[in-house]
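First comes the structure, then the notes that go with it.
Since the model is a prediction, treat every value here as computed from it, not as a measurement. Both ligands and their constituent atoms are indexed starting at 1 by order of listing.
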Amino acid sequence: MKKVLFIFGTRPEIIKLAPVIKAADGEGLRAVVLHTGQHREIADEMLRLFQIHPDINLDVMRSNQTLFSLTSRILENFERVFNAEKYDMIVVQGDTTSAFLGALAGYYSKTPVAHVEAGLRSNDKFSPFPEEINRRLAGSLTDLHFPPTELSRKNLLKEGVNPKNIHVTGNTVIDALLWALKLPYEAPDALKPVFKSGKKIILVTSHRRESFGEPQRRVFKALLEIVEFVENSMVLFPVHPNPNVIKEVSEILKNHSRIHLCSPLGYLDFIHAMEKSELVLSDSGGVQEEAPSLKKPVLVLRDVTERPEGLDSGALKLVGTDDEKIFSEAVKLLTDKGAYAEMTKNPNPYGDGRASLRIIKSIKLFLDE
Ligand code: UD1
Ligand code: UDP
């Protein structure tokens with residue numbers, strides 16, 4: 001049986017690789033799972049839901065880790081792992097430091113690398129930072145590329161990747177979402193008052209490094225102005241555990257009766273919160289891909305996006321971190337049915353829920369050649 005090493009380290013990588021790992025098991029590959037531990041509690045939550053038990057956990061997370069220290073801790077640990085065992089293929093996902101270093105480890109150990117969610121490009125070196133460069137570096141070390149869309153395939157072709165090694169699959173986040181939506185769900189007591197408030201819920205997430213400081217403060221100021229102006233609205237904000245985010249949130253947003261701050265939500269709670277929301281404000285990559293499936297418009301808290309398909313389909317709108325723009329676009333969506341309908345009328349461009357099986361079939365063909 002061919003041995004495939006899946007490497008992940010953060011919440012979104014687990015969500016997006018979980019269905020691929022399940023598909024590998026069902027298709028006669030031996031899936032070995034390596035968790036760098038770049039994230040801890042928010043990763044554990046996902047591992048529990050998807051019932052993934054990592055074979056190797058490097059447990060590298062430190063509070064407020066820097067890119068330098070995180071990178072060197074992961075790489076140092078990889079040496080031990082790759083000296084101990086040989087794999088037929090390494091699979092990484094997306095654009096995190098764990099993903100880039102997983103691809104680098106594949107190269108150093110002369111193991112073929114498959115990259116899930118390949119080919120996304122913002123064409124801005126510092127936005128998102130460091131993800132734009134992480135995914136380019138991962139891509140340049142990759143043997144088998146799995147772009148989610150036709151546009152991401154074209155990005156890879158422009159960079160000279162051999163078309164034979166590119167397979168468009170859709171994004172595996174939709175596989176995970178469709179699977180999770182079928183599970184039984186009961187809201188926890190902490191969320192019931194929000195879900196039953198009768199208010200229009202604005203679901204917010206914010207964690208990008210390039211927004212820390214002043215840009216993030218502008219976003220939070222806009223949230224205060226929105227809930228003051230639209231009285232039947234309420235913000236639900238699961239706060240990312242990054243200390244930079246927690247600090248600003250606690251200084252600006254606490255103690256407002258219609259701003260509900262909470263710890264990161266488990267995946268089921270989060271997707272059901274999205275389903276119950278009117279509108280999403282987020283700088284998250286995964287959230288931009290999921291929300292169109294639930295017919296929720298997303299105001300993207302970034303100046304550029306590597307996910308332009310959602311802009312083209314109308315489901316996403318870039319508002320950056322300009323408080324006036326965020327305020328006016330959010331108020332428009334909360335009060336103007338026509339504007340709302342425009343953003344929710346088209347199907348999700350990011351996938352059909354069958355990406356994982358396509359990926360595993362291509363990996364098997366590659367390994368059998
Ligand atoms: C990382 C990824 C980013 C991805 C995001 C998803 C990199 C460089 N960044 O950013 O691409 O969008 O994850 O969430 O790979 N922390 C905890 N507990 C946790 C997780 C994080 O306390 O379970 C805190 C720690 O203090 C940690 C900090 O958050 O040092 C930052 O985590 P890190 O993984 O370095 O960066 P993110 O900003 O989460
Ligand atoms: N998510 C979650 N709980 C939360 C916030 C997000 O389960 O409190 C999920 C969300 O559904 C999406 C993923 O986490 O699938 C996105 O992760 P994140 O925003 O941390 O990273 P990004 O996608 O920006 O890399």
Check: Thr96 N/O within less than 3.5 Å of ligand 1 N/O: no
Is there a polar contact, in the sense of an N or O pair closer than 3.5 Å, between Ser284 and ligand 2? yes
Give me the nearest non-hydrogen protein atom to atom 7 (C) of ligand 1 as residue plus atom name, then the distance to 0.1 Å. Gln38 NE2, 3.3 Å
Strictly by modelled atom types, are Gln216 and Thr321 linked by a side-chain donor-acceptor pair under 3.5 Å? no
Is Met46 near ligand 2, meaning one of its heavy atoms is under 4.0 Å from it? yes
Test of proximity, Asn134 against ligand 1: N or O pairs below 3.5 Å: no
Within reach of ligand 2, part of Phe270 (heavy-atom separation under 4.0 Å): side chain
Among Val161, Leu120, Thr169, Val168, find the one that has a side-chain contact (heavy atoms from CB on, under 4.5 Å) with Pro147. Val168
Quick check on side-chain contact (heavy atoms from CB on, under 4.5 Å): which of Leu17, Leu5, Ile7, Val33 does Val91 satisfy it with? Leu17
What protein heavy atom lies closest to atom 36 (O) of ligand 1? Include the residue and the distance to one decimal. Arg209 NH2, 3.2 Å
Taking only non-hydrogen atoms of Leu67, do any sit less than 4.0 angstrom from ligand 1? yes
Output yes when Arg208 and Glu131 qualify as a salt bridge under the 4.0 Å nitrogen-oxygen rule, no when they do not. yes
With backbone taken as N, CA, C and O and side chain as the heavy atoms from C-beta onward, which portion of Lys16 lies under 4.0 Å from ligand 2: side chain, backbone, both, or neither? neither
Regarding ligand 1, does Arg11 bring an N or O atom to under 3.5 Å of one of the ligand's N or O atoms? no
Closest by any non-hydrogen atom to atom 24 (C) of ligand 1: pick that one out of Ser284, Pro241, Ser98. Pro241
Within the structure, does Ile271 bring an N/O atom to less than 3.5 angstrom of an N/O atom in ligand 2? no
Aromatic ring pairing Phe327/Phe229, orientation class (parallel under 30°, perpendicular over 60°, tilted between): perpendicular
So is Arg208 polar-close to ligand 1, meaning N/O to N/O under 3.5 Å? yes
Atoms in ligand 1 flagged as close to Pro12, the criterion being non-hydrogen separation under 4.0 Å: 6 (C)
Checking side chain to side chain contact (heavy atoms under 4.5 Å, CB included) for the pair Val300/Lys317: CA distance, chi angles, key distance, verdict? CA-CA 6 Å; Val300 182; Lys317 196 173 273 186; over 6 Å; no
Salt bridge flag under 4.0 Å for residues Asp59 and Arg40: yes
Heavy-atom contacts under 4.0 Å between Leu265 and ligand 2: side chain, backbone, both, or neither? both
Compute the shortest N/O to N/O distance between Pro264 and ligand 2 and return yes if it is under 3.5 Å, no if not. no
Region of Met274 engaging ligand 2 - heavy atom pairs below 4.0 Å: neither
Taking N or O atoms only and a 3.5 Å limit, does Thr10 qualify as a polar contact for ligand 1? no
Geometric N/O contact Ile42 with ligand 1, under 3.5 angstrom: yes
Quickly, which of Arg136, Arg135, Arg153, Lys154 forms a salt bridge (Lys or Arg N to Asp or Glu O under 4.0 Å) with Glu159? Name it, please. Arg136
In ligand 1, the atoms that come under 4.0 Å of a heavy atom of Arg62 are 25 (C), 26 (O), 27 (C), 30 (O)
Could you list the atoms of ligand 1 found under 4.0 angstrom from a heavy atom of His240? 14 (O), 39 (O)
For atom 11 (O) of ligand 1, find the nearest protein heavy atom and state the residue, atom name and distance (0.1 Å precision). Glu131 OE2, 2.5 Å
Taking only heavy atoms of Ser63, which atoms of ligand 1 are found under 4.0 Å from at least one of them? 26 (O), 30 (O)
Evaluate Arg208 for polar contact with ligand 2, using N/O atom pairs at a separation under 3.5 Å. yes
N/O separation below 3.5 Å, Asp283 to ligand 2: no
So for Glu131, does at least one of its heavy atoms come nearer than 4.0 angstrom to any atom of ligand 2? no
Regarding His256 and Glu228, is there a side-chain donor-to-acceptor distance under 3.5 Å anywhere? yes
Give the numbers and elements of all ligand 2 atoms closer than 4.0 Å to a heavy atom of Pro238. 8 (O)
Arg11 to ligand 2: N or O pair under 3.5 Å? yes
Glu45, portion touching ligand 2 at heavy-atom distance under 4.0 Å: neither
Going by an N to O cut-off under 4.0 Å, is there a salt bridge joining Lys16 and Glu13? no
With atoms numbered from 1 as shown, which atoms in ligand 1 lie under 4.0 angstrom from a non-hydrogen atom of Thr97? 7 (C), 8 (C), 15 (O)
